[in-house]
Structures are given as structure tokens and as C-alpha cells.
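Take a look at the structure below.
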There are 2 protein chains.
Amino acid sequence: MPTIYQVAERAGVSLSTVSRVLNGKASVNKVLKERVENAVIELNYRPNSVARSLANSRTDSIGVLVPELNAPFFGDLMQAVESTLRAADKHVIITVGRNCLETEKDAVEFLISRNCDALIMHAEALSDEYLLDINQSKLPVALVNRQIEGLPEACINLDNEKGGYLATRHLLELGHKDIAYLSGPLEKRDACMRLKGHKRALSEAGLPINSQLIFNGDYTEEDGKVGLLELMARDVPFTALVCANDWMASGAISCARDLGMSLPHDLSIVGFDDVVFAHHVFPRLTTVSNPIADMAEMSAKYILNKVYGQSNKVQLCFEPTLVVRESAVKHEG
Amino acid sequence: MPTIYQVAERAGVSLSTVSRVLNGKASVNKVLKERVENAVIELNYRPNSVARSLANSRTDSIGVLVPELNAPFFGDLMQAVESTLRAADKHVIITVGRNCLETEKDAVEFLISRNCDALIMHAEALSDEYLLDINQSKLPVALVNRQIEGLPEACINLDNEKGGYLATRHLLELGHKDIAYLSGPLEKRDACMRLKGHKRALSEAGLPINSQLIFNGDYTEEDGKVGLLELMARDVPFTALVCANDWMASGAISCARDLGMSLPHDLSIVGFDDVVFAHHVFPRLTTVSNPIADMAEMSAKYILNKVYGQSNKVQLCFEPTLVVRESAVKHEG
DNA sequence: TTTATTTGAGAAAGCGCTTTCTAATTGCTT
DNA sequence: AAGCAATTAGAAAGCGCTTTCTCAAATAAA
């Protein structure tokens, strides 16, 4: 591996000049510049990024924290982040948080110890204070799907309330009146807002909110099953079901089928997120799209602005839309 | 951020001593060692990984190349690699190859320019020679799902032939005699071997191989549909279908349903890979499990051995197993 | 022509660490 | 007690680059 010294020698200039040509910040005599450029090509010189990082205390790497790597939702997120950042010649270091405080903290420490220039996180367990502290004392942070008081400009969010509203309103428009709801964990803001939207749709339609028709689960497929079973055990009839995410919807669907129900006629179901498998389930899932890829891209752009002086337009709040497929149908009553 | 100098000063020793304590390679007087350790704690000192890398030309980072980030199969791969490597305090830099020669090459160059210590790849488009060259002239390489002549110890593979065999034999055991096959692209070794296994199962059962019952697709969901349509148009009857991966199976399933078939009774279908959505489709997919997570973990361990002097046991060939669900049933004939 | 100003190139310091080399101290041997 | 080897600590060089500082040359102003 040739170093900058060899390039300088071959070009017959000092290494400062080579550096200047490489970084293009200061002006260099045209002739010398050309000599340097030729030397670079002849030697097939590639700057050592580690040395460069040490010298200017910048690693051009962004740490990414996701709860898991093998979930389609976070796959979309990473895909968008990676491509946006790599286009700017930055690289991503990906870590996994597993929805667990210990692991997330660990992952963040790890990223910091790796001298990342910034962090993009889908943090589940870390506290607001911790995140705020990182942002203030260590390095800039972008947060996807999270809202933190002291950090408004760094939080990229979906209008979850609207999403919940859209899902339920769709069912209302199909003539359903008795609509059950499988919620995500209410300590999570998104789950909370989705439920809120659901309730608003109900209220606007002049329908009562029956807590017997709401089940609090944990966003898992398993809880989709458990939730449906529990709701049915309560013996309050319902003809439609809104699920706080597609995993729960998928669980509910297979559970319903195991119960001998014929879908979608016996029960209309709407999901949330429109993850990749939403159209693999049968009946194909009507759901609320979550533009996670767009949001992820935006978080990357925010970081590009904040840390590397770019000036992309930043949008903080994203709108969900309804994706109509076949799992919710008209209520024949 | 405190540096090693401050630690040395506070402990009243030279920075060489601090370095020695930190790395534990040379022996240090017990008293001094303790003083250093205390200073480290008091200052909350964390070694600068960039400086360390520059000094010992090792970044403790491993480059990973996958075709895409938002596919469950590669999610499993990354998950396993990340956790294995991070447990050893290494970090992964993930890049995307998009199944495209240009992009893959680009990604590899990128990883090299980032001074990775090694590469773990699921390379689709790169040539054997290129990979061999990287391994010889730049840095150690581990290859998942690929077999290269000159690099036998670095190739972690599934016994795809056996997988194809298992799938078809299962159908034979269920009484099917007319079995169609949706193949992956035959220039890919795995697709080729899977088909080979299929043919062996047929031969062993004394059945002829009818090329009219084989369709060559591209591993995509779309080609699952196209393939099924094409096979049916050929007018050679079949009661079962083996698909070279779950995506094609999923495409074939929804296509069959759109055609008004009742699954699994009108057509038994077997997939390959057992990706996460395999049990979301309806009927739940009988498929061949691909222990990609185990293979990925093994690739990481190989690198840990090769580059960082660990000595894990390395297994190069992995066995697929049949996962029986509900998409393939007895042939009533 | 002389002086002031700008431009551009080289020298050298510094980023924070590892490691080799040197020197001092300790413990053995005889 | 003198002479030697074995430990162990410190000094210093070096990893490959950026950037400040300095100075020479070129240009503009007087």
C-alpha cells in the first residue's frame, strides 16, 4: 500500500501539496496538481482512512441501532439509511438492541467507542434523558419513531394517530360498528397514538368506546393470537379487528383460521406498517402503510446536514396511508 | 476525552506502562498496574480506537456484503454475523450488493478502503477470480453459499443437492408421481444443485425426468407466478410443485389461488429456505430449512480464527432438513 | 524601482496509540 | 561481595494523514 509520502516523492512535491490536491481545499498550482494526480494513478494510491480519521477526528461512519436485523421493517430502515449514507461516502456500523435496555446501552457505548460521527437510532428501551445526554455530550443523534421533548429537530416520526384513525375509519366506512382493537404496549408512544386515532374515529362516528374490545399486547405475532382469543372470551361481539401492527394481525389471522372462521367474511382485519409479508398472508392484508424507508432516509439526511454540512430539506413528520387489500370487507348486517 | 497521556500522568507512570497495562501483553509491576487501573477509572478513560488502529494496523472491523438488507434470509445472516462478531468486540460494516456486479465491486472497494480486517460475503455477481484475488492480495475473505476452487477452507455451504432431494422425496412419499419444479437461475450453483437433488429423487423412485415439468425462473415471487402459469400452459398434468425457494413458492401459491385452485388439495407445494414468512403464507409452507444463521455464525468464527487467532471449530458444509407444514398433502389418486 | 500584498509550497507539529530499543533495577550464581 | 542474566520501566520512533506556520516567489500598488 503506497502512502502519501511515496506519492509526494514520485510527483516531486511535498506531502502537504499532495494532501491539498487530494482534499481540494487549498489552491495548488496547475502543473503540480497534475503531477500529483498522475502519481496517484500510477501508484494506485488510496488514502488510509484510519490515518485520516486520526488526523481530523472524523471517521465518516455513522452508528445505527435497530432492535433486530431480521425483521422486514428494520430491513427497510437499514436499506434506506445505508444507501443514503453510502452515496455520501459514509459508512454505517449496525448494532442490535434487542428491545432490551442493557443491550441497547451496550450497543451505543460500542458505537461511541468506535468513534462514530453520529448515531441513527430506533431505540426502544433507552430513556429520553440518556438519549438527550448522548446528543449533548458525545455526538449528534437522529431518532426514528420517537419523540423527545428536548430534541425536536432530531426526531423523525410517523403520524401514528392518523394511522390508527385511518384503519378504523376504513372499517367504519365498510359498515362495521363493533370493532375490536389489538393494541401494542401503551408505554410506547406509537402504540398509544395508534390507539388514540382508533378512538377518535369511533367517537367521530358517534360510537362508544368499549374497553372490553381493546386488548393490550406486545406487538408480537404471539400476542395477536392471545389477544384474539382473549377478546373472544370476553363475549362482546365484534365483526372487525384493528391490529396495531402487521405481526399481530398475522397472529390473529392464523388464530382465527385455526378457530374455524372464514376470513375475511367472519372477521375483517386491518393491520399496520405494511411490512413485506403483508401481502403474503391470506387474505392479503389491508393495512396502514408506514413509510419507514422515507423516514429512515430523512434521518440520514438530517445527519448529513448536521455533521457534514450538507443542506437537504428535512421533514420531521410523515403521513401514513391506507393500503386496501382483501382482509377487510363490507359488513353484511 | 482523556488520552493515554493523562492517564499516565495521573498514575505517575509513562504512557508505555499504561499501554502495557491496557493490553496486558507485557508484565507490569503490581503496584503500578493498580495505579494505572485506578487512573483509568477515575478519568473514565476509553482508548481511542482510531489511534489504536493506526498504530497496529488493525481496525477490528469486518466488512459484510449482502445482496439486500430488507430480505428475511439476509436478515438472519446479518443477525448471526453481528452477534458473533460483537461478542468478540469486533464490529461489522454492512454493505449492499443488489445482485449487481458494479454495485458489489463498489461495495468491496468501499470496505477495503475502510481498512476492514476481513470480509464476509454473500456475493452473487463477483467472479471467482476476483474473490480469490481479494483474498490473496488484500484481506481474508469468508464466503457464504458459494464454492470456489482455490479457496476451499473459506467457503461455507449448504448441501443444496440434499435439500432438493428432500423436498421431492417428501412429495413422492405423499404419493405424488407428477411433480413439477420451479428452478432458480441455473448459473447459480445452489439453484443447480437443488434441481439436481430433485432429479435424483425422481430417478431413485424410478420416475422419468420430464423437462416439460421444469421451469427456470429467477428466485423471485414474480417468477413463481410466471412459472406456474407457464407450467400449466404446457398442459402436462402435475399434482405437486417443488419451488427452489420460498419466494417462488409464495408467488406460485397466490397465483394458484387466483386461478381458483384450492390449496393444498389441488396442488401440493414445497418451498426452500424456510424464511420468516413461510408460516405466514396460507397454507403454511412445507419447506426445506436452510440453516443460514448457523452458516453465517460459522463464517464469522472462521474469520475470528483466521484473523484474530481464535480457534473455533469450523464446519464447512451444512445439512438442510425438511420442515413439514400444511402446503403439501397426500395425493389422493 | 521599491514596497506592500497575495499566493502557494514546504517544514513540522500533532492526532492517540503501539512497540522497539535502551537503561535501570532486581535477583542469582560463584 | 562481585559479576551476570533476567525483569521491567521509560524514551522515542513510527503508524499515515491534516493543518498550521513560515517563508519564498509572484503580483499589485505606490
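This is a predicted model, so every value here is computed, not measured. Labels below follow one simple rule: chain letters A, B, ... track the order of the sequence lines, proteins then strands, and each chain is numbered from 1.
- Taking 4.0 angstrom as the limit, A:Thr17 places a side-chain polar atom (N or O) nearer than this to OP1 or OP2 of C:dG10.
- Atom CZ in B:Arg58 sits roughly 17 Å away from atom P in C:dC17 (whole-Å rounding).
- If you measure from atom CD of B:Gln6 to atom P of C:dC15, you get 10 Å, rounded to the nearest angstrom.
- Nearest nucleotide to the A:Asn29 side chain, out of C:dG16, C:dA9, C:dG8: C:dA9.
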Tell me, with the steps shown, if B:Ser49 and A:Asn115 meet side chain to side chain donor-acceptor pair (under 3.5 Å).
-> CA-CA 7 Å; B:Ser49 60; A:Asn115 297 68; 3.0 Å; yes
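- Atoms CG (A:Leu32) and P (C:dG8) sit 11 Å apart, rounded to a whole Å.
- Looking only at side-chain heavy atoms (C-beta outward), A:Val144 and A:Phe74 stay at 4.5 Å or farther from each other.
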Report the C-alpha separation of A:Asn70 and B:Asp76 in whole Å, then their side-chain angles, then the decisive distance to 0.1 Å, and conclude whether the side chain to side chain donor-acceptor pair (under 3.5 Å) test is met.
-> CA-CA 5 Å; A:Asn70 54 354; B:Asp76 290 343; 3.0 Å; yes
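- Salt bridge annotation for A:Asp128-A:Arg146: present, with a cationic side-chain nitrogen under 4.0 angstrom from a carboxylate oxygen.
- Nucleotide C:dG8 holds its P atom 11 Å from the NZ atom of A:Lys33, rounded to whole Å.
- Rounded to whole Å, the distance from CG on B:Asn115 to C1' on D:dC15 is 12 Å.
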Where do B:Asn305 and B:Gln310 land on the side chain to side chain donor-acceptor pair (under 3.5 Å) test, with the steps shown first?
-> CA-CA 4 Å; B:Asn305 287 358; B:Gln310 291 194 7; over 6 Å; no
Between protein and nucleic acid, restricted to nucleotides 18-27 of chain C and to nitrogen or oxygen atoms under 3.5 Å apart, what atom pairs and distances do you find?
residue	atom	partner	partner atom	Å
C:dT18	OP1	B:Asn23	OD1	3.3
C:dT18	OP1	B:Asn23	ND2	3.0
C:dT18	OP1	B:Arg52	NE	3.0
C:dT18	OP1	B:Arg52	NH2	3.4
C:dT18	OP2	B:Ser19	OG	2.6

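- A sub-4.0 Å separation between OP1 or OP2 of D:dG16 and a side-chain N or O of A:Thr3 is absent.
- Atom pair B:Lys30:NZ and D:dA9:P shows a separation of 14 Å (rounding to whole Å applied).
- The side-chain heavy atoms of B:Ser53 and B:Asp60, taken from C-beta on, include no pair separated by under 4.5 Å.
- Using a 4.5 Å heavy-atom cutoff, the side chains of B:Lys90 and B:Asp117 are not in contact.
- Remark: C1' of D:dG14 and CE of A:Met1 are 19 Å apart, rounded to the nearest angstrom.
- Among the heavy atoms of the strands lying under 4.0 Å from A:Val13 are primed sugar atoms or P, OP1, OP2 only; no base atom is included.
- What separates CZ of A:Arg46 from P of D:dC15 is a distance of 21 Å, to the nearest Å.
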